[in-house]
Q: 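Have a look at the structure that comes next, please.
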Amino acid sequence: MRYTLRSTGILSRSLHRCAVVARYSPQFGRSVATWTPLAAAFNRKPEKKLFSIFNRQRKGLFGNSLLGDPSGFYLFKEQADIEADRLVREATSSIRTRNVVEIFDDLSNALCRVADMAECIRVLHGDSQFAASAEEASSAMNDLVENLNTNRPLYMALKKVVDAGQDVKPMDDIDRYVARLFLVDFEAAGIHLEERKVGIPLDLAPFAWHLLFVLFYVPTDWDIFPAFQRKEVVKLNAKVLAAGMTFSRRCYEPHYVDAGMIPDAIKPYFHSDGKHIVIGNLMSDAPNEAVREAAYRVFLMPDQHQLEPLQEMLTNRFHLAKLVGFSSHSDRISRESVLGSAGKIEQFLETLSHNLRPHWESNKKELLDLKRQENPRATSLYPWDTTYLMTLARSRDADTEASQYMSYFPLGACMDGLSRLFESIYDVHFVIEDASDEDLWAADVYKLSVRSAEDEVLGLIYCDLYQRPDKSSPDCHFSIQGGRRLPDGSYQIPKVVLSLNYEPPQSGVPCLMNFDQIDNLFHEMGHAMHSMLGRTRYQHVTGTRTSTDFAEIPSTIMEYFSSDPRVLSQISRHYASGEALPESLLGKVCAARRKFSALDFQLQTLYAVTDQRFHGSVEPKDLLKIFADLHDEYAPFKYVPNTAWPTRFGHLFPYGGRYYSYLLARAVASDIWGKLFKADPFSREAGRKFRDHLLSHGGGRPPLELISNTLEHTPTVNEFVEALIDQTKV
């Protein structure tokens with residue numbers, strides 16, 4: 001998952017040391033007899049720095065001397081204010097000597113440098129003062145962006161260049177495309193409304209104009225209310241942000257119910273505060289069906305406290321989209337996506353749902369048969385059954401529980417394996433770096449550099465991988481500094497943070513990874529490498545600064561590597577004995593994990609369709625009825641009355657209208673995997689093609705163009721669907 005600050009407008013683009021068995025890896029071409037420095041570092045927590053009374057000078061977060069204490073965020077923000085003012089004056093000057101797209105990228109860089117770092121520190125820093133100062137800076141940047149979004153001369157300077165296709169210096173296709181992206185982001189904030197000869201938005205406009213004409217003889221083509229409209233856009237954006245943040249926070253709050261509501265026989269399975277039973281998740285892997293059912297019904301119980309911010313967020317998004325000239329929020333945010341419109345997204349999801357039916361019905365029958373083995377009287381499957389039964393069936397197919405393999409996947413072996421994989425396909429590798437020249441937000445953060453074969457530093461990855469009591473973020477990726485070409489020909493290297501939530505090493509035993517955690521690590525590292533390997537001209541389109549359905553492709557394709565037995569056998573290494581798991585054994589596990597793909601895809605389709613309907617062209621009013629109807633139409637199981645799953649669907653805020661991206665990205669990644677890597681996941685030739693044709697461009701070219709260049713043909717919606725259907729047949 002990408003986690004970045006998203007604001008409408010020009011910013012919218014947030015040791016356990018032991019010997020191992022020596023073996024030779026023909027794919028990686030390296031003989032390893034002991035833990036490498038990289039593996040050894042990740043098999044233990046980073047050593048805490050000793051604080052000396054003789055050395056009180058703080059180095060600053062990410063080496064920024066301003067950020068040695070919380071108050072530095074104020075100065076950091078002030079620097080951005082001053083730089084933004086200078087760049088706005090340059091962009092609107094009649095005697096400027098630089099192209100406007102270059103100035104806009106400098107402006108974007110100045111804003112993102114503060115906003116992205118502030119958002120990361122707000123979420124991850126354990127010091128409440130640092131977190132609060134970061135939040136203030138983040139809010140200030142949002143206010144600054146909203147002010148820029150109403151700067152008409154700035155908008156007109158950009159629009160003039162985009163319309164003309166030329167500027168004070170020659171422009172090429174990349175310059176024109178990025179300039180157009182800036183314009184699209186600008187107009188999403190309503191800056192273009194001044195050109196419209198419509199005074200009052202929404203359905204009251206005809207009546208209001210008639211009243212003005214009758215009372216004051218005002219001509220109906222007068223441009224009277226554009227300023228009002230732009231202010232309304234700012235107001236609606238603020239409401240969406242406030243409601244969305246409240247909704248997201250409450251998605252993960254536990255539900256308290258009177259202890260009398262839970263049968264005595266299953267009360268011991270739940271936490272209790274004396275008077276109440278506290279249920280904080282679905283407990284979907286519990287063997288006892290009564291426990292799973294109780295957790296499902298209670299955790300998803302309708303809660304007005306949560307429905308209100310969700311309704312407010314969706315309503316304001318709907319009115320905002322209408323105000324700026326779109327039929328829906330989904331249509332508004334999909335213009336530069338792979339599919340390009342809400343209509344194409346709907347076509348993709350409807351076609352996928354129709355074609356999946358026979359496959360998930362077969363999956364469902366198999367699960368019901370398995371349930372009857374445990375309970376001969378069972379007649380139906382329920383939503384609380386699927387995760388438990390699928391896990392049970394997969395374990396039986398693999399002849400063991402996947403957790404039995406965790407000892408073979410210590411974190412150090414996985415990180416070293418990733419480095420060797422990237423060395424094989426991209427000719428780059430990881431180096432553990434000394435972070436003593438900067439302050440970190442937590443003592444257990446690792447600093448990695450990504451280096452070329454010539455030892456050039458291509459970028460930095462900060463790995464915040466362990467659980468902490470004060471750490472509540474989901475697995476995600478933060479951009480800290482975007483890569484871009486500088487005027488002197490050098491390159492501003494990208495910096496990112498990976499935030500995961502693994503158990504830290506304890507008592508000499510490193511963090512041991514299950515297969516889901518390995519998938520997450522590979523997925524988030526895919527996002528990071530998109531930034532590391534990008535060599536874009538502009539930071540506005542570096543790495544993951546692109547449409548969501550495209551940004552998820554490099555991360556999703558990494559899940560194909562993490563589920564390939566050839567790759568897993570090369571990175572597996574028992575943390576104590578050094579033994580590797582044979583490829584044949586891992587093959588059974590990987591095959592079992594792909595079981596029930598059709599059922600998984602159909603559930604994801606339900607979530608994506610719900611997201612689209614909530615952000616569609618008809619204002620969503622009765623959310624529970626909308627979802628109940630969609631559930632009966634798209635879900636493999638009947639709707640359970642008095643449950644409100646959307647109130648726990650946290651993606652509705654950051655991924656509103658974009659949740660389909662996971663399915664589409666998987667379809668594209670499947671095609672790329674099949675064309676480039678399936679025959680040989682360690683192929684340098686395939687890696688070079690993927691890097692040159694897709695990764696290196698970030699979002700600097702239209703996403704469908706990059707996909708088409710990589711696949712050597714332009715895929716259709718039906719081909720995307722067929723790629724997913726093919727995966728259900730494996």
Side-chain angles (χ1 to χ4, degrees), residues 1-7 14 119-120 122-124 135 138 239-256 278-284 295-296 298-317 329-330 333 383-384 386-387 467 470-478 498-501 516 519-520 523-524 527 544 548-549 551-552 555-556 600 603-615 620 623-624 626-627 630-631 635 643-663 665:
M1 168 185 180
R2 289 184 304 153
Y3 198 110
T4 91
L5 177 66
R6 285 203 169 271
S7 177
S14 39
E119 184 65 11
C120 174
R122 180 188 73 81
V123 174
L124 295 180
E135 184 167 5
S138 180
K239 289 181 177 179
V240 168
L241 181 63
M245 292 182 70
T246 300
F247 168 73
S248 294
R249 183 176 65 253
R250 293 176 182 173
C251 277
Y252 307 103
E253 292 178 352
H255 210 129
Y256 293 76
V278 184
I279 298 181
N281 60 68
L282 293 173
M283 301 184 69
S284 53
Y296 185 93
V298 171
F299 190 64
L300 299 182
M301 191 179 297
D303 182 356
Q304 198 63 29
H305 179 66
Q306 179 68 336
L307 276 169
E308 287 176 357
L310 174 59
Q311 182 70 69
E312 183 176 0
M313 178 185 74
L314 296 175
T315 298
N316 286 313
R317 275 179 172 167
H329 173 77
S330 180
I333 53 88
W384 51 79
T386 53
T387 299
Q467 298 173 356
D470 55 7
K471 181 181 177 183
S472 59
S473 73
D475 294 349
C476 58
H477 157 270
F478 296 88
L498 297 191
S499 175
L500 300 167
N501 291 279
D516 287 340
D519 283 345
N520 284 355
H523 181 98
E524 298 303 335
H527 282 312
T544 56
T548 305
D549 54 3
E552 290 297 333
S555 55
T556 303
D600 281 336
L603 289 171
Q604 291 298 312
T605 302
L606 167 65
Y607 306 154
V609 169
T610 301
D611 177 40
Q612 289 299 307
R613 194 66 55 86
F614 280 1
H615 292 99
L623 301 183
L624 296 186
I626 292 172
F627 176 68
L630 291 174
H631 192 284
T643 60
W645 170 82
T647 62
R648 299 291 184 175
F649 189 15
H651 283 77
L652 285 172
F653 175 45
Y655 278 71
R658 302 180 181 93
Y659 192 79
Y660 76 93
S661 298
Y662 291 110
L663 286 166

Q: Please lay out, stage by stage, how L652 and L310 fare under the test side-chain contact (heavy atoms from CB on, under 4.5 Å).
A: CA-CA 8 Å; L652 285 172; L310 174 59; 3.8 Å; yes

Q: Please determine if E253 and R250 form a salt bridge, counting it only when a charged side-chain N lies under 4.0 Å from a carboxylate O.
A: no

Q: Could you state the interatomic distance from NE2 (H255) to NE2 (H305), rounded to the nearest 0.5 Å?
A: 10.0 Å

Q: Evaluate side-chain contact (heavy atoms from CB on, under 4.5 Å) for T556 paired with H523, printing each intermediate quantity in order.
A: CA-CA 6 Å; T556 303; H523 181 98; 4.2 Å; yes

Q: Would you say that L623 contacts P646 through its side chain, given a criterion of any heavy-atom pair below 4.5 Å between the two side chains?
A: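 Of all side-chain heavy-atom pairs linking P646 with L623, none is under 4.5 Å.
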
Q: Can you check side-chain contact (heavy atoms from CB on, under 4.5 Å) on Y607 and Y660, steps first, answer last?
A: CA-CA 8 Å; Y607 306 154; Y660 76 93; over 6 Å; no

Q: What I'd like to find out is whether the side chain of T647 reaches to under 4.5 Å of the side chain of C251, using heavy atoms alone.
A: no

Q: If I take atom CZ from residue R249 and atom OG1 from residue T246, how far apart are they, to the nearest 0.5 angstrom?
A: 4.5 Å

Q: How many angstroms lie between OG1 in T386 and CG in L603, if you round to the nearest 0.5 Å?
A: 6.0 Å

Q: Checking H615 against D611: is there a side-chain donor and acceptor pair closer than 3.5 Å?
A: yes

Q: For F299, what residues pass the ring-ring contact (aromatic ring centres under 6.0 Å, His included) criterion, not counting sequence neighbours?
A: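 For F299 there are no ring-ring contact (aromatic ring centres under 6.0 Å, His included) partners, ignoring immediate neighbours.
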
Q: If the condition is salt bridge (charged side-chain N to carboxylate O under 4.0 Å, His left out), which residues does D516 pass it with, not counting sequence neighbours?
A: R593

Q: I would like to know whether Y662 and Y655 meet ring-ring contact (aromatic ring centres under 6.0 Å, His included); could you show each step before the answer?
A: CA-CA 10 Å; Y662 291 110; Y655 278 71; 5.5 Å; yes

Q: Roughly how far, to the nearest 0.5 Å, is CG of N520 from CG of L498?
A: 11.5 Å

Q: Can the ring centroids of F649 and Y659 be said to lie less than 6.0 angstrom from one another?
A: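 Yes; Y659 has its ring centre under 6.0 Å from that of F649.
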
Q: How long is the gap from NE2 on H329 to CZ on R317, to the nearest 0.5 Å?
A: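 One finds 4.0 Å between NE2 of H329 and CZ of R317.
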
Q: Will you find, in the side chains of S555 and E552, an N or O donor that is under 3.5 Å from an N or O acceptor?
A: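 Yes, a side-chain donor-acceptor pair sits under 3.5 Å.
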
Q: A side-chain contact here means heavy atoms from C-beta on lying under 4.5 Å apart; do Y252 and N281 qualify?
A: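 In short, these two side chains do not touch, never coming nearer than 4.5 Å.
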
